Protein chains: 2
Amino acid sequence: MSKARTTITDIARELNISPATVSRALNNHPAISRQTREAVIALARKLNYHPNLLALSLLRKRTNTIGVIVPEITSYFFSSVIGGVQDLLTAQGMNMIIGQSNESLEEEKALVEKFTSIRVDGFLISPSRETKDYGHLQVLKDSLFPLVIFDRDCEDLEVDKVFVDEYRGALQAVEYLIHTGCRRIAHIAGSATLSTARHRLAAYRDALKKYQLPVLDDYIIESSGFTPEAGIEPTKHLLALPEPPDAIFTVNDGVAIGAMYVIKEAGISIPNEISVIGFDDEPYSCYFKPSLSTVWQPTYELGMLSARILMKRVNAAQEAFTPKVEKLFPELIIRGSSR
Amino acid sequence: MSKARTTITDIARELNISPATVSRALNNHPAISRQTREAVIALARKLNYHPNLLALSLLRKRTNTIGVIVPEITSYFFSSVIGGVQDLLTAQGMNMIIGQSNESLEEEKALVEKFTSIRVDGFLISPSRETKDYGHLQVLKDSLFPLVIFDRDCEDLEVDKVFVDEYRGALQAVEYLIHTGCRRIAHIAGSATLSTARHRLAAYRDALKKYQLPVLDDYIIESSGFTPEAGIEPTKHLLALPEPPDAIFTVNDGVAIGAMYVIKEAGISIPNEISVIGFDDEPYSCYFKPSLSTVWQPTYELGMLSARILMKRVNAAQEAFTPKVEKLFPELIIRGSSR
DNA sequence: CTGTTAGCGCGTTCAT
DNA sequence: ATGAACGCGCTAACAG
C-alpha cells in the first residue's frame, strides 16, 4: 500500500468517538444511534474507507480465499475449469488466488508453501505432470487443510477428488470407430505419467480387445505434448507404416489437429480413408475442415463441482470424514472427421 | 484456516524462549546464538511452521500482491498476457490475484473494491467492454494506488499504460492486401466501444484512403463478438452483396475462422477469390486450410512489460510522476489465406 | 545474546 | 448507546 489507507481510527478521531463505535456503525450493530451511524457512514464514504481484510482475516483466522493450482492457465481446458471455480466461489463471497505450476513439481511445491503462508482456506489442485511424489499434498491433508484434487489423479492420496470419466469417453470414441468399420485403429497417447492419458489409453486397449481386434504396439505412440506440433511426428510415423491405420484416436484435440494437418497434406481423405477423433472439444474444433469429431468434457461443471465440494469442507468444522470421489460424464460428439 | 497453525509463540513456549528470539532465529538475525537458532529451525520444521503473511502484511503495510483484472481469462490473448505478468511478478517475489470482469462494468467495480480491501500493492487492469466511465479507476489513481492499464485504453485517464500498436498492425495488414491486388476490401470490425477495435478500424479506413480506394459502408460490419460464430452472419452478408469483397480483414482470428468457414462452404476459393487476414495469431490459426494470415501480438511481452512498469511504481515512494504510455509492435504474418 | 513492549486494523467482550 | 481493553501473529525499538 503506497499510502496510509483510512482506518476506523481515523474516522473515530475525526468524529470524536471511539473506534469501537465506528466499527459497530459500519456493521449495522443494532445498539447504535441512527445519528452516529449516519455520520460514520457518510464520513467513511467521503474518506473512501475500505475495511482492511488483512486485519479481519488475522482476527477471524479465515481469509475467504481459495488457492487454485493448475499446470497451466493458457489451455482452454484449465481456463474454463477456472471459470467454473470462480463463479461458484464468487457466489459464496470467496476469493480465488491462482498459481501455475508450469508442469513442474518444484513450482507446485513452492506454490503450496506460498499459499499456506497466505493462509488460504482451502486448496484446489490439479497436479503437475512431474508430480509422482505426493509428500507436499499429504502434508496439506495432515495439517487438515481442505483440499480437492481435480482432473488428474494422485492415486494413493486419500482426499476429495473430482474427475471426468475419461475412460468412458475414450471407450465410446473407440467403439464408435469400430462400429463404423474401422479395423486398424491407432492411438496417439499422452504422457504416461498423467492419469488422464493413462485412462484414455486403457480404454483404447479395452475397446479393441472387446471386439477381438489386435492391440498393436506399432499403433500406439506417445506424443510429446498436447499441441498440434506434438501430433505431427507421430502421425507421419503412422502413415509411413507398411499397413497404415484407417483411424486415429488422439489424446486431445490439439494433437488431432496436428494429425489432420499431416493427413491432409499427404493427400489422404478424412474420413474416407482415415477417421480422426480427438478429446476436449476445443472452441475451434468444429471449424476445421472436416470438422473434428471429439469427446466433450464438462469443464465448467468440473470447476463448479470441485469448488462446491471444497467449500463444503471449508465450512464444516474439521471433523473426520471419508474422502469422496466424484465423476462427471463426457460426451462423444461426432462431426465430419469420422465416418 | 481449519486448524490453528503453529506460530512463533508456539515455538517459543516449547523452547522456553521469547517469541522475539524465535523471530530473529527464523530471519537469520546476526545476534543470535547458533545453538538457539538451530533448535528453533529444527522445531519449526518439525511443527511445519509457516510464517503468517497476513500478520506480516498488516505490519509492513505491504501485501506483495498485485491485483490483475481482465475481461475474461479463457481467451488465448488474456491468458498468455497473464503468463507474462506472472513470470515477472514471481521473479520479484510477488503474488498475483486474478479477477474476471466478464466484460461487465459492475463486476469490474466490485473487483476493484474487493482488491482494495485486500490491500493489493497495485493494479493491472484491462477494462471491460462496458467501461466508459472511469470513476472507479480515477479513485484508485487519486488514492495513489499504483495502476497500469493495458491493452484497452481509457482515453482521459492519466495513468501508466501499455498497448500493442494495433493501428500499425492493422495498417500493415490492409496495405498488404492492397499490394497483392485486392481492391474490394471489407472489414468485420469489433465492438466500437473497444479502443483496440477502433484502432483496427481506423487503420483500415486510413489504408484505403491512402491508396485512393473508396471506403464503403457496405464493406464495414461490426461483429457481435470475437468467436467464429460472430463471424458467420457478417460474412454471409458480405458474400450476398451485389459486388462481394475480394478480401476480408477481420478484427481477430476467431472471427476470421468463422469467415473462412462460410466462404469455403460457399465454394469460394481462399485466397484466389477472397483473401482473409485475421488478428492475434492464435495457436491453431496456422493449422487451418488454408492457414490463416494474421497479425501477431506480443502478448507475453505485453504482460511482462505491464508488470515491470507497475512494479517500478510500487517500489518507488509515491512521488508525483508523469504517466507513461508504452507501445509494443505487432507483426504481420502472411500464410495461406492471403495472396 | 535475549526479553519486554508496542502497534499494524479490526471486532468483541466487559463495563459503564 | 458508547468506551476501554484485549488479542489475532509478527517484527522493530529499546532494555538489559
Side-chain angles (χ1 to χ4, degrees), chain A residues 1-41 43-44 47-65 114 116-121 143, chain B residues 1-41 43-44 47-65 114 116-121 143:
Chain A
M1 293 157 277
S2 72
K3 189 194 152 193
R5 307 296 160 197
T6 87
T7 69
I8 53 169
T9 315
D10 297 334
I11 297 178
R13 196 181 315 118
E14 191 142 342
L15 256 36
N16 273 319
I17 54 180
S18 82
T21 305
V22 175
S23 170
R24 286 189 273 249
L26 255 15
N27 292 294
N28 284 317
H29 190 100
I32 214 92
S33 79
R34 213 177 64 133
Q35 208 171 330
T36 51
R37 187 202 321 279
E38 281 170 5
V40 166
I41 291 178
L43 186 54
L47 295 180
N48 192 30
Y49 169 79
H50 284 263
N52 187 327
L53 287 188
L54 295 172
L56 251 182
S57 298
L58 190 58
L59 204 54
R60 298 214 189 296
K61 296 174 163 299
R62 170 155 177 165
T63 52
N64 285 324
T65 299
K114 177 153 265 181
T116 300
S117 281
I118 291 178
R119 298 289 193 268
V120 296
D121 294 332
S143 324
Chain B
M1 292 158 278
S2 71
K3 190 195 152 191
R5 307 295 161 198
T6 87
T7 70
I8 52 170
T9 314
D10 296 335
I11 299 179
R13 196 181 315 120
E14 192 142 339
L15 257 37
N16 273 321
I17 55 180
S18 82
T21 305
V22 175
S23 169
R24 286 189 273 249
L26 255 16
N27 291 294
N28 284 319
H29 190 102
I32 215 88
S33 79
R34 214 176 63 134
Q35 207 170 329
T36 52
R37 186 202 319 282
E38 282 170 4
V40 166
I41 290 178
L43 186 56
L47 296 180
N48 191 31
Y49 169 80
H50 284 264
N52 186 327
L53 288 188
L54 295 171
L56 249 182
S57 297
L58 190 59
L59 202 56
R60 298 213 191 293
K61 294 173 163 302
R62 173 159 175 162
T63 52
N64 285 324
T65 299
K114 178 153 265 181
T116 300
S117 282
I118 292 177
R119 298 291 194 265
V120 296
D121 294 332
S143 327

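As the structure is a prediction and not an experimental result, all values here were calculated from the model. Here is how names work: the chains are called A, B, and so on, in the same order as the sequence lines, proteins then strands, and each is numbered from 1.
Annotation: of the two residues near DNA chain C, A:Thr7 and A:Arg24, the 5′-most nearest-nucleotide partner is A:Thr7. A residue-by-residue look at A:Pro30 and A:Ala20 shows that A:Pro30 has its nearest nucleotide of DNA chain D further toward the 5' end.
Contact annotation for B:Ile32: backbone-only contact, meaning every heavy-atom pair under 4.0 Å involves sugar-phosphate atoms and none involves a base. In this structure, B:Ile8 reaches the bases: a heavy-atom distance under 4.0 Å links it to at least one base atom across the strands shown. As judged by a 4.0 angstrom heavy-atom cut-off over every strand, A:Pro19 is placed among residues making no nucleic acid contact. At a threshold of 4.0 angstrom between heavy atoms, the contacts of B:Ser33 are confined to the sugar-phosphate backbone, with no base atom among them. Within the nucleic acid shown, B:Leu59 comes within 4.0 Å of at least one base atom, counting heavy atoms only.
For the pair A:Ser18 and D:dG3, the criterion of a side-chain N or O lying under 4.0 Å from OP1 or OP2 is met. The side chain of B:Thr9 contributes no N or O atom lying less than 4.0 Å from OP1 or OP2 of D:dC10.
Between the CG atom of B:Leu26 and the C1' atom of D:dA12 there is a distance of 16 Å, rounded to whole Å. Straight-line distance from the CG atom of A:Leu58 to the P atom of D:dT11: 12 Å, rounded to whole Å. Following rounding to the nearest Å, B:His29 (NE2) and D:dC14 (P) show an atom-to-atom distance of 14 Å. Here D:dA12 presents its C1' atom at 17 Å from CG of B:Asn28, a figure rounded to the nearest Å.
The heavy-atom pair separating A:Leu26 from A:Tyr49 by the smallest distance is CD2-CE2, 3.8 Å.
Distance check, rounded to the nearest 0.5 Å: CG of A:Asn52 to NZ of B:Lys61 gives 8.0 Å.
Taking 3.5 Å as the limit, the base of D:dG9 and the side chain of B:Arg5 contain no donor-acceptor pair of atoms between them.
Among the nucleotides D:dC10, D:dC8, D:dG3, the one closest to any side-chain atom of A:Lys61 is D:dC8.
Of all nucleotides in DNA chain C having an atom under 4.0 Å from a heavy atom of chain A, the first and last in 5' to 3' order are C:dG9 to C:dT13.
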Could you check A:Ile17 against A:Val40 for side-chain contact (heavy atoms from CB on, under 4.5 Å), going step by step and ending with a plain yes or no?
CA-CA 10 Å; A:Ile17 54 180; A:Val40 166; 3.9 Å; yes
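Contact annotation: the side chain of B:Asp121 never approaches that of B:Thr65 to less than 4.5 Å [non-hydrogen atoms, C-beta and beyond]. A heavy-atom distance below 4.5 Å is not found between the side chains of B:Thr6 and B:Asn48. Looking only at side-chain heavy atoms (C-beta outward), B:Leu54 and A:Thr63 come within less than 4.5 Å of each other.
A:Ser117 contributes no side-chain N or O that, together with a main-chain N or O of B:His50, makes up a donor-acceptor pair within less than 3.5 Å.
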